[in-house]
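The block underneath contains the structure these notes are about, expressed in structure tokens.
Just the heavy atoms: all of them, side chains too, but no hydrogens, waters or symmetry mates, feed the values below.
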Amino acid sequence: NASSYSANLQGTGAYSITGTQVIDGGSTISTSSVNSFSYIAAGGETSVTFAGAIGATCISVTRGGVEVRAIATSGTPTDENVSFNSATGVLTFATARPLEVDEFVRMIVK
């Protein structure tokens, strides 16, 4: 499923982004302290550990360039969903949908 985003800016002078931007019904994304982690699968994996993401909040995961629908913080994921354990840095995929050979995973945390 493809997604598209747009933004309109109004005003005079140069624009700048500071602090936190809040979108009604959406997510809060800070303009600082956001990190991206990536992984290229060997094939068959149902979990990946990102040690650098320990203690972080997962805000986005894509696999094969497609964003997953839901990111749980506990439990076993199903379908295209994932779960992320912040205490261990482990990103888990549904066992019925393991990673494919050369599949690219990107996780964004803050």
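Judged by distance alone, the side chain of Glu45 and the main-chain N or O of Gly43 form a donor-acceptor pair under 3.5 Å. Put simply, the side chain of Asn85 gets close to the backbone of Ala87: a donor and an acceptor are under 3.5 Å apart.
Across all non-hydrogen atoms, the minimal contact from Val101 to Ala42 is CG2-O, 3.2 Å. The shortest heavy-atom contact between Phe84 and Cys58 is CD2-CB, 3.6 Å. Ser83 and Gly75 get closest at one heavy-atom pair: OG-O, 3.5 Å. Across Pro98 and Thr46, no two heavy atoms sit closer than the pair CB-CG2, 4.0 Å.
Within the model, atoms CZ of Phe37 and OG1 of Thr49 stand 12.0 Å from one another, a figure rounded to the nearest 0.5 Å. A distance of 9.0 Å separates OG in Ser36 from CE in Met107, rounded to the nearest 0.5 Å. For the atom pair CZ (Arg69) and CG (Asp79), the distance works out to 8.0 Å, reported to the nearest 0.5 Å. Here the straight-line distance linking atom CZ of Phe50 with atom OG of Ser38 works out to 7.0 Å at 0.5 Å rounding. Considering CD of Glu67 and CD1 of Ile108, their distance stands at 8.0 Å, rounded to 0.5 Å. Atoms CD and CZ, on Glu103 and Phe93 in that order, are 7.5 Å from each other to the nearest 0.5 Å.
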Practice item. Take Leu99 and Tyr39 through the test side chain to side chain contact (heavy atoms under 4.5 Å, CB included) and record every step on the way to the result. Key: CA-CA 11 Å; Leu99 295 174; Tyr39 177 77; 4.2 Å; yes
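Side-chain atoms of Asn35 and Lys110, non-hydrogen and from C-beta on, never get closer than 4.5 Å to each other. Side-chain contact between Arg63 and Glu80 is present, with at least one heavy-atom pair separated by less than 4.5 Å.
Ala56 pairs by the side chain to side chain contact (heavy atoms under 4.5 Å, CB included) definition with Val109, not counting sequence neighbours.
With Val105 as the partner, the side-chain contact (heavy atoms from CB on, under 4.5 Å) test is satisfied by one option alone out of Thr62, Leu91, Val48: Leu91.
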